[in-house]
Amino acid sequence: MTPPPGPVLVKICGLSTPETLDAALDAGADLIGLVHFPRSPRHVDLAAGAALSRRAAGRAGRVALLVDPDDALLDAVTALLDPDWIQLHGREDPARVAAVRARTGRPVMKALGIAEAADLARIPAYAEVAERILLDAKPPPGAALPGGNGHAFDWTLITRAGLAPGFMLSGGLTPATVAEAIAVTGARAVDVSSGVEIRPGEKDPARIRAFVAAARAGSRKSESAD
Ligand SMILES: O=C(O)c1ccccc1NCC(=O)[C@H](O)[C@H](O)COP(=O)(O)O
């Protein structure tokens, strides 16, 4: 996927209240992520997700975040949340990603866990079936969650691999580090959850605003350096 030129695309993930959703929308987030995964501190049930999705409609792209969903859950999420994107953050293989895309008719963002250069080899097969690849830190051993862990991976892995810039960079980003992450990787899209929280699951409007501002500033600096 060739990313459009222009400012970096910013996703704020794991929003679960109207107030913090409004903060992300008012800050200018391009995408908002709604996590439907009961073990997550950011989990929203389908009714809450539907209400938040309606609140965001027309103001940002709505990403329904699922982990190894079955078809019944896909159908319910599609019908109730009407997401603009479906993000798959589990062990879904490329065939499952293609099937999800076909069943829901929604573009799919597939998360891949990165810890070492060899992990990047999975990208081409997924890039064939997903509209966007989200590169996240591989969960540490024993982690309770497949994502949202607040861990960063070595961004130079991307630089050294000479990766085309159509990916979304994720994993442990914060307002303080996102500009450097953009400079190092050339990412044209970034994603954050823990880095804009006071505590797990509790988003901080001030940190959301700071993250969006820092990402936009970082992308302007990165573009002017090109
Ligand atoms: O955020 C969660 O709680 C979560 C739970 C289960 C699967 C995925 C999850 N988050 C996925 C995301 O897209 C996060 O924004 C991404 O992993 C980065 O998280 P963080 O390192 O906390 O910024």
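No experiment lies behind these values; they were computed from the predicted model shown. One-based numbering along the sequence shown. When a ligand or atom number is given, it counts from 1 through the structure's own listing order.
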With a cutoff of 4.0 Å, is [X] in contact with ligand 1, counting heavy atoms of the residue only?
X	answer
Gln87	yes
Gly33	no
Pro146	yes

Exercise. Decide yes or no on side-chain contact (heavy atoms from CB on, under 4.5 Å) for Trp155 and Thr177, but give the supporting numbers first.
Key: CA-CA 11 Å; Trp155 302 324; Thr177 64; 4.0 Å; yes
Close-contact set for ligand 1 against [X] heavy atoms, below 4.0 Å:
X	value
Lys11	13 (O)
Val192	15 (O), 23 (O)
Gly171	18 (C), 21 (O)
Val67	7 (C)
Cys13	12 (C), 13 (O), 15 (O)
Ser170	16 (C), 18 (C)
Phe37	6 (C)

Give the residue, atom name and distance (to 0.1 Å) of the protein heavy atom nearest [atom].
atom	value
atom 19 (O) of ligand 1	Gly148 CA, 3.3 Å
atom 22 (O) of ligand 1	Ser194 OG, 2.4 Å
atom 23 (O) of ligand 1	Ser193 N, 2.8 Å
atom 15 (O) of ligand 1	Asp191 OD2, 2.7 Å
atom 2 (C) of ligand 1	Arg42 NH1, 3.3 Å
atom 21 (O) of ligand 1	Gly172 N, 2.8 Å
atom 17 (O) of ligand 1	Asp136 OD2, 2.5 Å
atom 9 (C) of ligand 1	Gly147 C, 3.5 Å

Locate the shortest heavy-atom distance separating [X] from [Y]; write the atom from each residue and the value.
X	Y	value
Leu74	Arg96	CD1-NH2, 3.4 Å
Ala64	Pro83	CB-CB, 3.8 Å
Pro69	Glu92	CD-OE2, 3.7 Å
Leu52	Pro18	CD2-N, 3.7 Å

Would you please say whether a donor-acceptor pair under 3.5 Å links the side chains of [X] and [Y]?
X	Y	value
Lys203	Ser16	no
Arg62	Ser53	yes
Ser194	Arg199	no

Quiz item: Among Asp30, Asp136, Asp191, which one satisfies salt bridge (charged side-chain N to carboxylate O under 4.0 Å, His left out) with Lys11?
Solution: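 Single salt bridge (charged side-chain N to carboxylate O under 4.0 Å, His left out) partner of Lys11 among Asp30, Asp136, Asp191: Asp191.
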Could you check if a side-chain atom of [X] sits within less than 4.5 angstrom of a side-chain atom of [Y], using non-hydrogen atoms only?
X	Y	answer
Asp75	Arg103	yes
Ile133	Met168	no
Val63	Arg132	no

Quiz item: So, is Leu65 polar-close to ligand 1, with some N/O to N/O distance under 3.5 Å?
Solution: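 Looking only at distances, the answer is no, because the N/O contact criterion of under 3.5 Å is not met.
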Quiz item: Would you call Arg106 and Asp84 a salt bridge, using N to O less than 4.0 angstrom?
Solution: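 Looking at Asp84 together with Arg106, the answer is no, because their closest N to O distance does not fall below 4.0 Å.
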Exercise. Of the side chain and backbone of Arg39, name the one, both, or neither that has a heavy atom under 4.0 Å from an atom of ligand 1.
Key: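 Under 4.0 Å from ligand 1, Arg39 contributes no heavy atoms.
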Quiz item: Counting heavy atoms only, which of Gly150, Ala143, Gly195 is nearest atom 20 (P) of ligand 1?
Solution: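 Closest candidate by heavy-atom distance is Gly150.
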